[in-house]
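A short worksheet on the structure shown next.
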Amino acid sequence: MSEEKKVVTPEPLIQADDLCKFFQLSRKATLKAVNHVTFNVNKGETVGLVGESGCGKSTTGRCLVNLYTPTSGHVYYKGRDIQTFSKEERMKFHSDVQMIFQNPYASLNPRMTVGEIVTEGMKLHHSKLSSAECQQKAEALLARVGLNKEHMNRFSHEFSGGQRQRIGIARALSVDPEFIVCDEPISALDVSIQAQVINMLKKLQQELGLTYLFIAHDLSVVKYISDRVIVMYLGTIVEEAPADELYAHPVHPYTQALLSAIPVADPRVTKAKKRIVIKGEIPSPINPKECCQFTDRCPYATDRCREEVPVRKEIEAGHFVSCHLH
Ligand SMILES: Nc1ncnc2c1ncn2[C@@H]1O[C@H](COP(=O)(O)OP(=O)(O)OP(=O)(O)O)[C@@H](O)[C@H]1O
Ligand SMILES: [Mg+2]
């Protein structure tokens, strides 16, 4: 009997489908923070979401966890549109999906003790747990993120940035989530402790079977932690690929420029690598033109790029690009 090769099809846990989030600033000014974005995050994987400041990464993350209601488009969780959830399903969703925020200084309530911060969600979502059980669970969580039970009665302002982010991570884990949006969780931290926090997030993922959307500016961080990477520019996705593939064969001129900006330790490689400098400033997301958003800064732009929105094409298995040149 011939052995059949087992094909494992990835199972989407959360999906953004043609997602838009617009902010109406005035009668005539629409800020298109997220502009027709489609992607999947499969169970157990880490998807990196990268791009310059203001390109819509946090807004995308907030739509996924239902902190923002999309202007149009859908978010599907385990195949179901989250806007159609019943009250109970919505409650469950809000414990299944969590967010770790960019700034651990602003995202923790200074008037709450660490114990209160970590047990708040448990009390809401796991109301069957007794106070003693919540306490025990909180202590175990703090130990998991490298803090200890003596920290329970202290306030967040007594801690360093790295410790605060650990408290933020313990809070996210307190409700036993499946999916976490990590919104630049290390960008506000000292370089010396960034690696510790990243390694901890990786370890937690393996131990708890978590799925991450990992948001960052820094393509080098994303490379280390991501299975797949999505590159955003001015509210749109320009390229998406498995991490190795994206770094080896970037296709979109914007991805190529972002990658060329990563410093390389080996001087021989640095010499061989041509730095691509993107001209001009990132344009305003207010009333953007219906065309490729990168046109004004792209060294290869043609008339078509200025007139037509590029459609997403799959150029290799799992490697998508939205560019008229391909
Ligand atoms: N509540 C809001 N009201 C109006 N505009 C907003 C709001 N939230 C975000 N924006 C705008 O939407 C755009 C995308 O913002 P977003 O925070 O998603 O970007 P980002 O990629 O996360 O940037 P950064 O890397 O700086 O965190 C920006 O132009 C921002 O000013
Ligand atoms: Mg952000």
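First listed ligand is number 1; within each ligand, the first listed atom is number 1.
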Contact bool for atom 30 (C) of ligand 1 (protein heavy atom, d < 4.0 Å):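 No, because not a single protein heavy atom sits under 4.0 Å from atom 30 (C) of ligand 1.
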Distance from atom 15 (O) of ligand 1 to nearest protein heavy atom, with residue and atom: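 Its nearest protein heavy-atom neighbour is Thr59 OG1, 3.7 Å.
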Minimum-distance protein heavy atom relative to atom 25 (O) of ligand 1: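 Residue, atom and distance for the closest contact: Lys57 NZ, 2.8 Å.
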Side-chain heavy-atom pair [X], [Y] within 4.5 angstrom cut-off:
{"X": "Arg80", "Y": "Phe85", "value": "yes"}
{"X": "Val37", "Y": "Asp18", "value": "no"}
{"X": "Phe179", "Y": "Leu64", "value": "yes"}
{"X": "His151", "Y": "Arg154", "value": "yes"}

Enumerate donor-acceptor pairs with a distance under 3.5 Å from any side-chain N or O in residues 43-55 to protein atoms, sequence neighbours excluded.
| residue | atom | partner | partner atom | Å |
| --- | --- | --- | --- | --- |
| Lys43 | NZ | Glu178 | OE1 | 3.4 |
| Glu45 | OE1 | Arg228 | NE | 3.2 |
| Glu45 | OE2 | Asn42 | N | 2.7 |
| Glu45 | OE2 | Asn42 | ND2 | 3.4 |
| Glu45 | OE2 | Arg228 | NE | 3.3 |
| Glu45 | OE2 | Arg228 | NH2 | 2.6 |
| Thr46 | OG1 | Gln205 | OE1 | 3.1 |
| Thr46 | OG1 | Gln205 | NE2 | 2.9 |
| Glu52 | OE1 | Tyr254 | OH | 2.9 |

Heavy-atom nearest option to [atom], drawn from [options]:
{"atom": "atom 26 (O) of ligand 1", "options": "Ser284, Gly235, Ser53, Ala33", "answer": "Ser53"}
{"atom": "atom 11 (C) of ligand 1", "options": "Ile282, Asp183, Leu31", "answer": "Leu31"}
{"atom": "atom 14 (C) of ligand 1", "options": "Cys55, Gly54, Gly61, Ser58", "answer": "Gly54"}

Distance-only side-chain donor-acceptor flag, Glu239 / Thr255, under 3.5 Å: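 There is such a pair between these side chains.
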Is there at least one pair of N or O atoms, one from [X] and one from ligand 1, spaced under 3.5 Å apart?
{"X": "Leu25", "value": "no"}
{"X": "Pro285", "value": "no"}
{"X": "Phe23", "value": "no"}

What atoms in ligand 1 come closer than 4.0 Å to a heavy atom of [X]?
{"X": "His217", "answer": "25 (O)"}
{"X": "Tyr68", "answer": "1 (N), 8 (N)"}
{"X": "Gly56", "answer": "14 (C), 18 (O), 19 (O), 20 (P), 21 (O)"}
{"X": "Glu184", "answer": "25 (O), 27 (O)"}

Residue part near ligand 1, for Gln102, under 4.0 Å between non-hydrogen atoms: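 Under 4.0 Å from ligand 1, Gln102 contributes side-chain atoms alone.
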Qualifying residues under side chain to side chain contact (heavy atoms under 4.5 Å, CB included), relative to Asn153, sequence neighbours excluded: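 So Asn153 forms no side chain to side chain contact (heavy atoms under 4.5 Å, CB included) with any residue.
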Lys/Arg N to Asp/Glu carboxylate O, Lys78 vs Glu11, below 4.0 Å: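 Looking at Lys78 and Glu11, the cut-off is not met.
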Salt-bridge present (Lys128, Glu133; N to O < 4.0 Å):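 Not counted as a salt bridge, because no side-chain N and carboxylate O are separated by less than 4.0 Å.
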Lys/Arg cation over aromatic Phe159: Arg164, 6.0 Å, 45° cone: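 No, a cation-pi geometry is absent between Arg164 and Phe159.
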Donor-acceptor under 3.5 Å (Tyr247 side chain, Leu219 main chain):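 Such a contact is found between Tyr247 side chain and Leu219 backbone.
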Donor-acceptor contact present, side-chain Glu120 to main-chain Gly115, <3.5 Å: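 Not confirmed, Glu120 side chain does not pair with Gly115 backbone.
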May I have the list of side-chain donor-acceptor pairs in residues 138-149 shorter than 3.5 Å, sequence neighbours left out?
| residue | atom | partner | partner atom | Å |
| --- | --- | --- | --- | --- |
| Arg144 | NH1 | Glu207 | OE1 | 2.6 |
| Asn148 | OD1 | Glu150 | N | 3.0 |

The Mg ion (ligand 2) - number of protein N/O/S atoms closer than 2.8 Å: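 Protein N, O or S neighbours of the Mg ion (ligand 2) under 2.8 Å, waters not counted, come to 1.
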